[in-house]
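Order of the sequence lines fixes the chain letters, A, B, ..., with proteins taken first and strands second; residue numbering starts at 1 for each chain.
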Number of protein chains: 2
Amino acid sequence: MSPDQNTKDTSASQPTATVTPKAAYHHGDLRAQLIAAVRDLVETHGPDGFSVAEAARRAGVSSAAPYKHFKDRHEILRGVVSEAMDRLRAAMEVGAAAHQAGSLDAVAAVGQAYVDFARAEPGVFRLVFGLTEGHENAPDLLAKGEGCFGVVVQAVATRFGLPPGDADVQRRAYMLWSFVHGHSFLTIDMKHKVASAEIDDWDYLMGISRAILAPVAQA
Amino acid sequence: MSPDQNTKDTSASQPTATVTPKAAYHHGDLRAQLIAAVRDLVETHGPDGFSVAEAARRAGVSSAAPYKHFKDRHEILRGVVSEAMDRLRAAMEVGAAAHQAGSLDAVAAVGQAYVDFARAEPGVFRLVFGLTEGHENAPDLLAKGEGCFGVVVQAVATRFGLPPGDADVQRRAYMLWSFVHGHSFLTIDMKHKVASAEIDDWDYLMGISRAILAPVAQA
DNA sequence: GACGAAAGTTAGCAGCTCTCACATATATTT
DNA sequence: AAATATATGTGAGAGCTGCTAACTTTCGTC
């Protein structure tokens with residue numbers, strides 16, 4: 001809790017100011033700490049089981065301090081979502097890059113990364129796709145959402161050798177995403193259920209990818 | 001000790017007991033009124049934008065009255081979810097029954113009913129599949145969820161002429177559900193997005209159903 | 001060093017959840 | 001029909017939360 005609080009000499013002089021994205025005034029980078037705390041709370045207590053006061057408590061500041069960095073409780077949540085979307089997209093890109101460009105495995109790997117993320121952080125995953133209020137005034141989140149979708153589109157486009165803007169590519173990418181999205185939600189919703197427990201993700205995703213991407217030869 | 005099963009139907013003797021589903025003690029059937037109020041609030045203000053106090057206000061009772069019918073705010077939400085699941089299942093069954101048994105259209109119609117529900121009541125839909133706390137202690141909700149899944153399974157089983165317990169039937173039904181579930185979520189998440197707006201639900205669902213159910217001849 | 005802005009504090013209001021003691025209407029028993 | 005038990009309502013209140021206001025401290029910059 002209190003390890004990096006007494007960084008009185010700002011590490012700005014240090015050339016290795018690696019992590020802190022924003023120089024700390026008094027304490028540390030409270031903004032990032034709050035987001036981390038909220039992410040933790042969301043993950044353990046559910047999307048609506050967090051409170052700004054508790055997050056502030058965990059960060060070791062007063063309950064009014066967060067409002068110097070976020071105007072709303074919703075804005076904190078948006079911060080968590082934004083950060084999570086960055087990680088999700090990165091994971092998807094890593095998954096795609098781990099296989100031969102244009103291969104079916106590359107497409108399936110994108111889906112696998114998606115499912116893995118949902119399994120690893122179900123609370124955050126639900127939050128990302130459950131934000132209703134605040135979503136209107138958040139063009140950056142919409143852009144990041146499209147960015148994630150873009151990874152799928154890119155994988156499909158590469159496989160087909162078509163531009164990402166192609167209508168068929170878009171349609172098939174949407175089908176894939178819809179499938180993976182649904183599977184992710186169902187798999188975290190009913191952990192004890194029969195059907196999902198018996199499914200091996202990779203086999204499942206490969207089958208799906210093949211089914212959706214196969215008919216291109218005919219078209 | 002089944003607190004919510006007091007459908008004693010005392011008005012059975014009354015021939016003109018038209019509207020009131022449950023005889024009123026003091027006011028009306030507060031329980032149902034509260035659930036309706038909460039459903040309305042969830043639909044308009046989002047899943048976490050409701051309050052027991054506001055629901056009580058709308059029902060015209062004091063803010064303590066709801067706690068005579070529900071022990072928690074979560075229990076009210078569970079009541080809303082339970083009621084919504086009943087309607088969802090009914091809609092799915094109606095959709096299936098509207099087409100020839102075993103036809104591809106019957107399968108697609110089940111999915112269409114699902115998507116229609118999500119579109120019509122996105123807030124409630126999100127609530128149904130977003131309940132995290134209270135879900136553990138709610139075997140009735142789990143049972144109803146399986147009941148909904150059972151409709152899909154039944155449609156697939158009928159099409160294949162196989163028993164509902166068949167592993168292949170279960171797997172394909174899960175694939176279908178996963179697809180429709182994902183499409184439903186995406187379609188309510190991004191109303192302004194390009195991809196989903198250009199999709200005609202029925203064509204989409206028919207295509208999906210055909211793709212998933214087709215390879216049976218080979219197997 | 002002076003000064004303005006950034007980042008933190010305490011105090012406090014309003015609203016929410018939920019409980020407790022009490023009041024009243026209905027159901028059941030005698 | 002009277003009495004009793006139970007179900008259903010009310011009001012007051014404790015404790016927590018979201019958020020604001022006014023003040024204080026620290027930092028960067030002239």
Interatomic distance, B/Arg31 CZ vs D/dA7 C1' [rounded to whole Å]
15 Å

Side chains of B/Phe70 and B/Arg31 in contact at under 4.5 Å (non-hydrogen atoms):
yes

Nearest-nucleotide pick for B/His69, side chain only, options being C/dT9, D/dG9, D/dT17
D/dG9

Under 4.0 Å between a side-chain N or O of A/Arg57 and OP1 or OP2 of D/dC16?
no

Euclidean distance, atom CG of residue B/Asp29 to atom C1' of C/dA25 [Å, nearest integer]
16 Å

Categorize A/Ser62 for me: base, sugar-phosphate, or nothing, with a 4.0 angstrom heavy-atom threshold over every strand shown.
base

Looking only at the side chain of B/Arg73 (C-beta and beyond, no hydrogens), which of the listed nucleotides D/dT17, C/dC18, C/dC16 gets closest?
C/dC18

How close or far is atom P of C/dC16 from atom CZ of B/Arg58, stated in whole angstroms?
12 Å

From CZ of A/Phe50 across to P of D/dG18 the rounded distance in Å is 7 Å

To the side chain of B/Ala65, which of D/dT10, D/dT17, C/dC16 is closest?
D/dT10

Counting side-chain heavy atoms from CB outward, which of D/dG11, C/dC16, C/dT9 is closest to A/Ala64?
C/dT9

Nearest-Å distance for atom pair NZ/C1', residues B/Lys68 and C/dT17
15 Å

Aromatic ring proximity, centroids under 6.0 angstrom, A/His181 and A/Phe185
yes

Which word best sums up how the rings of B/Tyr114 and B/Phe129 line up, parallel for under 30°, tilted for 30 to 60°, or perpendicular for over 60°?
tilted

By nearest atom, which of the nucleotides D/dT20, C/dC18, D/dT8 is closest to the A/Tyr67 side chain?
D/dT20

In whole angstrom, what separates B/Glu75's CD from C/dC18's C1'?
13 Å

Audit row: A/Asp189, A/Arg126, salt bridge (Lys or Arg N to Asp or Glu O under 4.0 Å) steps and yes/no:
CA-CA 10 Å; A/Asp189 261 343; A/Arg126 241 188 280 265; 2.5 Å; yes

When the distance from NE2 of B/His74 to P of C/dC18 is rounded to whole Å, what number comes out?
6 Å

Rounded to whole Å, please give me the gap between CG in B/Leu30 and P in C/dT26.
15 Å

Any heavy-atom pair between the side chains of B/Ser209 and B/Leu176 that's under 4.5 Å?
yes

